[in-house]
Amino acid sequence: MTINYRECCKLALRQCLDEEPRAFLMGEDVGAYGGCYAVSKGLLDVYGPDRIRDTPLSESAFVGVGIGAAMNGMRPIVEVMTCNFSLLALDQIINNAATLRHMSGGQLGVPLVIRMATGAGRQLAAQHSHSFEGWYAHIPGVRILAPATLEDARFMLPAALKEPDPVLLFEHVFLYAMEGELDASVRAVDIEHAALRRRGTHLSILTYGASLQKSLSAADALAAEGIDAEVIDLRVLRPLDDAALVDTVKRTHRVLVVDEGWKSGGLSAELMARVCELAFDELDAPPTRVCTAEVPIPYPKHLEDAALPQAATIAAAARRVCGRG
Amino acid sequence: MTALPALDRPLALALYREMLLIRRFEERCVELYGAGKIRGFLHLYDGEEAVAVGVMRALEPHDAIVATYREHGQALARGLPLGEVMAELFGKREGSSGGRGGSMHVFDAKRRFFGGNAIVGGGIPVAVGLALADKLLGRENVTVCFFGEGAVAEGEFHESLNLASLWRVPVVFVCENNLYAMGSALDIDEAETDIAAKARGYRMAAERVDGMDVVAVLAAARRAVDIARKGAPCLLEMRTYRFRAHSMFDAQGYRDKDEIERWRERDPLHVVAAAGKASGVLHDEDLGAAEESVRRAVDEAVAFAERGTWEPVEELTRHVTAPRTKRRTP
């Protein structure tokens, strides 16, 4: 049966609400409207307004309410419409959710899941197209997830709901319409490890989110030229799966990082630094990266496309790191 | 309307002693700050004791409290062990938060004391969430959320009052209006200085209370807790005053000494002592006995903190997240 990423996100929500009586979804337009990206469409009728809870446009308050409810016995799933709006709740996410356990000497825990849409590619312009998951991956105390496949969209959320600490889950806007077959043998996924999505020998492409599909397309193109690229889907952006980074570098000895975030001070820099710290002697070439151009994401399609990592720019960078550029 | 509670002898003694304990505890904190035992920021509650003591007396053990960075008074009035609070100020492992938080981040989960929040307004949504969980789980608990009048300029105050009222959650918002947000007088910051009026704008009951009179505070807190226990939020604006600086680094150029002296005449310790004496239930020897017993308690707390230990550096990263049990990879 064909299914898309959006429907996988909805099935994940339904599983959470069915299996965990303390779970409820809360956010802007999640109920009557059905969710800005239609992930929760129809759920209000099934679960009622206590469990599919529409909120006012008060990001800081409803994220903070999620924190308090999580500390007091509930298992809230908070939807922030896009990560761009999550900046209005940054104080709650960082100063409270991520901090309370340590600051209280381990007395308090915040088992809260925050879902948000991230990324560009739909001509939504600068204030709706940014990727802030790399920023959040900077913060101790939170787990950062980036589902890039149907299986991860379907099963990461139920795994996140079992976590004793805050989890931020970034659904990529460009992937909601991605269709495919859901692997029927998968009934759950871990939220600990990176995944090897394509085995190769000549270089390792480290990526996540919507850049995974672009990287796989690039790898297909490279294969026709005799370059055999391995593609690692990071999946968990914090804590990073260091062992997977070292493993892949030991196999290929060359690294290309693909990140829809900006280059400066970003997740790509962290990945390259870790590769150098952990496996420098394994490298046959300097690690390199393809990131989003250092501009606010523009509206017109040709400029948006030019700003983002694309299969062609990924393939070109791969050739360079393999000395074929 | 709940009348003022009868100030009988046991109540008068208890209120006086609890406020005196906070006062003397913090006076000792100042000395210990000077001695280098306490570092960082230290915000004293001196002058505002009636608010915490009156409100806490209206609560049950299962009710929740969210406070601010000026929370020594709330912590002590809630019954957190004095030695543990002092050890927290020392940064010792035996402290309320294991020494991790210090003066601004006192937590005690057992006593449902949720800190200790040092971002102005940052605790207000959390309090609404604590109360929402109680409502959804069918528990008849109330959450009390303390914040200063400076916080009413924050968006989180307005967002949270709206949500609390919209969803009818059992929160009592207690605004400690000590007239100055650090050094900014209320009328410098606010177009509308009537804080209770702002709360009424969100369709909740609100009243202004003489925060220097612990009996008035207790009566108002009982009314407010009754409202919340029945499932609606409400707000108390406590008119109070801090006699000392905002923190240990404050030249107080924003207010004159006469003003401080005028407020000192309404020192909550004097107010309750005078009321108790006037009605014949408190005597000078009671006040002396309270001083003596409080002095001993503070001495013991300091000794406890001095005896405390430092968390080993090896434990630095403990409690960033919960310990992970090995999970089966599906």
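Within every chain, numbering begins at 1; the chains are lettered A, B, ... in the order of the sequence lines, protein sequences first and strands thereafter. Hydrogens, waters and symmetry mates play no part in the numbers below; they use all other heavy atoms, side chains included. None of these values were measured; they are calculated from a predicted model.
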Practice problem: Please test A:Q92 against B:I119 for side chain to side chain contact (heavy atoms under 4.5 Å, CB included), starting from the C-alpha separation and ending with a verdict. | Solution: CA-CA 9 Å; A:Q92 290 300 329; B:I119 305 295; over 6 Å; no

Quiz prompt | Name of the residue among B:V128, B:L130, B:I124 meeting side chain to side chain contact (heavy atoms under 4.5 Å, CB included) with A:V65 | solution = B:V128

Self-check item: Options A:P76, A:S60, A:A70, ranked by heavy-atom pairs under 4.5 Å with chain B, top entry
Solution: A:S60

Quiz item: So does B:E192 have more than 12 non-hydrogen atoms from other groups sitting under 6.0 Å from CD?
Solution: yes

Practice problem: Please round to the nearest 0.5 Å and tell me the distance separating atom CG of A:L100 and atom CZ of B:F107. | Solution: 5.0 Å

Self-check item: Side chain to side chain, B:E156 and A:D91, heavy atoms closer than 4.5 Å
Solution: yes

Quiz item: Checking heavy atoms, do the side chain of A:F24, its backbone, both or neither come under 4.5 Å from chain B?
Solution: side chain

Practice problem: Name the region of A:L88, side chain, backbone, both or neither, that has any atom closer than 4.5 Å to a heavy atom of chain B. | Solution: neither

Exercise. Could you tell me which portion of A:N72 (side chain, backbone, both or neither) has an atom closer than 4.5 angstrom to a non-hydrogen atom of chain B?
Key: both

Quiz item: Got a donor-acceptor contact below 3.5 angstrom from the A:Q107 side chain to the B:S96 backbone?
Solution: yes

Self-check item: Closest non-hydrogen atom pair, A:A61 against B:L163
Solution: CB-CD1, 3.8 Å

Quiz item: Given the options B:R318, B:H105, B:E88, B:H158, which has more heavy-atom pairs under 4.5 Å with chain A than any of the others?
Solution: B:H105

Quiz item: Closest heavy-atom contact between B:G116 and A:M103?
Solution: O-CE, 4.4 Å

Quiz prompt | Approximate separation, where rounding is to 0.5 Å, of A:N96 CG and B:N117 CG | solution = 5.0 Å

Quiz prompt | Euclidean distance, A:M71 CE relative to B:R112 CZ, rounded to 0.5 Å | solution = 10.0 Å

Exercise. Could you have a look at B:A118, B:S97, B:A127 and say which one has the most heavy-atom pairs with chain A under 4.5 angstrom?
Key: B:S97

Quiz prompt | Part of A:R187 lying under 4.5 Å from any heavy atom of chain B | solution = neither

Practice problem: Look at atom NE2 of A:H138 and say whether more than 12 heavy atoms of other residues, nucleotides or ligands are closer to it than 6.0 Å. | Solution: no

Self-check item: OG-CZ distance between A:S104 and B:R100, expressed to the nearest 0.5 angstrom
Solution: 9.0 Å

Practice problem: Mind ranking B:G115, B:G98, B:S160, B:G122 by heavy-atom pairs under 4.5 Å with chain A and telling me who comes out on top? | Solution: B:G122

Self-check item: Shortest non-hydrogen contact between A:G141 and B:T321, atoms and distance
Solution: CA-CG2, 4.0 Å

Practice problem: Give a yes or no on whether A:F85 atom CZ has more than 12 heavy-atom contacts from other residues, nucleotides or ligands under 6.0 Å away. | Solution: yes

Practice problem: Verify, without hydrogens or angle tests, whether A:D50 (side chain) and B:L136 (backbone) share a donor-acceptor contact under 3.5 angstrom. | Solution: no

Quiz item: Between A:E59, A:R143, A:M74, A:R53, which has the largest tally of heavy atom pairs under 4.5 Å with chain B?
Solution: A:R53

Quiz item: Does A:H102 reach the main-chain N or O of B:L316 with its side chain, forming a donor-acceptor pair under 3.5 Å?
Solution: yes

Quiz prompt | chain A contacts, top residue of B:E311, B:R93, B:E315, B:R139 (heavy-atom pairs, under 4.5 Å) | solution = B:R139

Quiz item: Within a reach of under 6.0 Å around CD of A:Q127, are more than 12 heavy atoms found that belong to other residues, nucleotides or ligands?
Solution: no

Quiz item: Using a cut-off of under 4.5 Å for heavy-atom pairs, which of B:A109, B:A133, B:G101, B:A322 has the most such pairs with chain A?
Solution: B:A322

Quiz item: Could you give the distance from CG (B:N162) to CG (A:L57), rounded to the nearest 0.5 Å?
Solution: 11.0 Å

